[in-house]
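Keep in mind that what you see is a predicted model, and the values were worked out from it rather than measured.
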Amino acid sequence: MTAALLLQWVLPLPLLGTLAMLLCHRHPNWREAVTLMTSVLLFLLLVWLSVELSWEQPPTLVLAEPLPGLALALSPEPLGMLFALLASFLWPVTSIYAIGYMRSHGETHQTRFYVAFGVSIAATLGVALAANMFSLFLFYELLTLATYPLVTHSGTAEAKRAGRLYLGLLMGTSIGFMLLAMVWTWQLTGTLDFTRGGIFPAQTDNWVLGTLLLLFVFGSGKAALMPFHRWLPAAMVAPTPVSALLHAVAVVKAGVFTVLKLVVYLFGLERISTLAAADWLAYLAAFTIISASWVALTQDNLKARLAYSTISQLGYIVLGAMLGVAAGVTGGSLHIVMHAFAKITLFFCAGAILVVTHKTRVSQLNGLGRQMPLTMLAFAIGALSIIGLPPMGGSWSKWLLMQATLDSGMWLLTLVLLASSLLNIAYLLVIPVRGFFGRAEELAHAEVGVNIQGLDQTLDQTRTREAPRACLLAIGITAAACMLLFFQTDAILGLIEGLLQ
């Protein structure tokens with residue numbers, strides 16, 4: 001089967017799967033079987049497509065052409081295929097986790113959850129494989145709308161407020177900034193096609209390019225660059241599988257992917273390296289990295305701490321893109337993958353802790369490692385990858401990003417990355433340390449009071465009791481990937497090198 005024919009099935013397959021999920025809404029087992037089957041088939045389809053592709057002559061699939069020269073089209077390129085493979089691999093893993101979580105936690109409207117999840121993945125693939133900025137923008141907006149029901153899933157007043165903030169910030173920035181930048185770019189160049197080396201004429205003034213860069217980057221609100229980051233912590237009211245989707249698979253990665261894509265294919269690295277606006281954005285990303293890490297350190301709610309950690313880590317990718325050097329794009333692209341596996345592991349663990357113990361605060365986790373040793377070990381692995389310590393995959397992307405700051409002569413940003421890693425240790429590694437070495441408060445209170453019955457109950461609570469098997473399986477897959485990626489980065493780097501050639 002040719003690459004062109006395979007490309008035609010990338011979007012219909014998840015959409016047909018969601019239709020089948022709707023038809024099976026009265027039969028949960030069938031619905032979840034359809035979810036798993038669709039997600040696995042989609043991943044295999046994209047693997048097959050990546051094997052058949054020729055980067056010299058990639059296929060183009062035109063879905064519509066509303067204006068002459070402005071088509072809604074898909075065309076794979078190295079960075080997009082990397083993002084598509086990542087999203088399609090993590091969909092079945094997240095689905096396995098969601099089956100255990102949603103049933104154990106007694107969540108309502110589960111069919112709506114799986115359907116919205118499937119549409120979100122289809123929109124993510126549209127973003128990943130978009131042939132031009134017009135197509136990317138449309139799928140970017142569709143992704144916002146498709147994930148809105150997931151953010152407001154619980155239906156509470158808090159969830160509705162979070163949903164309004166989510167829509168308001170994401171659509172406000174994309175329509176107010178990105179759309180304006182697209183219209184301006186079209187007037188200047190007559191095209192929005194992604195072209196290696198950029199599309200702007202050599203005579204375009206730097207102040208014009210700098211203004212466009214600011215509009216495009218701030219228009220990518222999903223990248224959560226301050227001050228357009230508040231939607232992300234607010235969205236933590238959603239169920240944990242949704243948080244994993246938002247933080248690791250689709251939404252935030254669509255934001256930073258868009259930033260990398262426009263830097264490489266609209267502006268070009270050579271032009272980026274000459275723009276003062278790119279330097280300002282690099283320092284704004286550095287501010288985001290440090291300030292979000294500091295806020296994470298103050299958060300006792302586990303999911304809120306992980307949310308601010310995500311904001312900080314996204315800043316790494318934006319910073320790498322703005323440096324205008326190959327190592328920055330390479331490190332940022334690699335960090336998309338490394339952060340995805342590490343952060344989804346941490347959110348999976350947070351959800352497992354909630355399902356088993358109903359605890360949501362870091363201060364409540366002392367001694368939990370004796371009750372949930374596998375979950376807490378996986379959390380430690382994910383945390384070490386976020387920190388960037390060998391032998392975890394995150395060490396390579398952070399190394400490349402620090403190399404990029406040195407290549408660009410911005411040594412102050414090197415210090416920012418080093419300081420951020422120290423803050424990562426302070427707000428992430430403390431959690432498994434508490435879990436394995438902390439003394440459970442309930443046990444201490446029972447012993448002080450010499451309450452034999454209470455002591456027996458507390459000791460029973462400290463016996464091993466892990467999350468449902470489906471949750472543990474998903475956690476094991478992503479935690480293992482965090483370690484495996486340290487040793488198997490050649491294929492990813494090969495794709496990224498194709499991007500930069």
- Task: Drop me the distance from Ile386's CD1 to Met338's CE, to the nearest 0.5 angstrom.
- Result: 11.5 Å
- Message: Quick one: does any side-chain atom of Thr310 pair with a main-chain N or O of Leu306 as donor and acceptor, under 3.5 Å?
- Response: yes
- Query: Can you check whether Ala84's main-chain N or O pairs, donor with acceptor, with Ser88's side chain at less than 3.5 Å?
  - Reply: yes
- List in chain and number order the residues that pass salt bridge (Lys or Arg N to Asp or Glu O under 4.0 Å) with Lys261, two or more places apart in sequence or in another chain; answer none if no residue qualifies. Glu77
- With Met322 as reference, evaluate Val263, Leu284, Asp279 under the side chain to side chain contact (heavy atoms under 4.5 Å, CB included) test and give the passing residue. Val263
- Note on the structure: d(Gln8 CD, Leu13 CG) to nearest 0.5 Å is 13.5 Å
- What closest approach, in Å, do Ala87 and Ile121 show between heavy atoms, and which atom pair accounts for it? O-CD1, 4.3 Å
- For the side chain of Asn301 and the backbone of Lys303, is there at least one donor-acceptor N/O pair under 3.5 Å apart? yes
- Side chain to side chain, Phe200 and Leu209, heavy atoms closer than 4.5 Å: yes
- Is atom CD of Glu158 surrounded by more than 12 heavy atoms (other residues, nucleotides or ligands) closer than 6.0 Å? no
- Could you tell me whether a side-chain N or O of Ser312 sits under 3.5 Å from a main-chain N or O of Thr288, the two making a donor and an acceptor? no
- Say whether, by atom type as modelled, one donor and one acceptor occur between the side chain of Ser293 and the main chain of Ile289 under 3.5 angstrom. yes
- Message: Within the supplied structure, the quantity of interest is the number of heavy atoms (other residues, nucleotides, ligands) at a distance under 6.0 Å from Trp186 CH2; does it exceed 12?
- Response: yes
- Message: I want to know whether Phe177 and Phe216 have ring centres closer than 6.0 Å.
- Response: no
- Sub-6.0 Å ring centroid separation between Phe486 and Trp396: yes
- Query: Centres of the Tyr148 and Tyr166 rings: under 6.0 Å?
  - Reply: no
- Task: Taking all heavy atoms of Val93 and all of Ala474, pick out the closest pair and write down the distance.
- Result: O-CB, 3.5 Å
- Message: Other residues, nucleotides and ligands only: do more than 12 of their heavy atoms fall within 6.0 Å of CH2 on Trp184?
- Response: yes
- Does the separation of the ring centres of Phe287 and Tyr283 fall below 6.0 angstrom? no
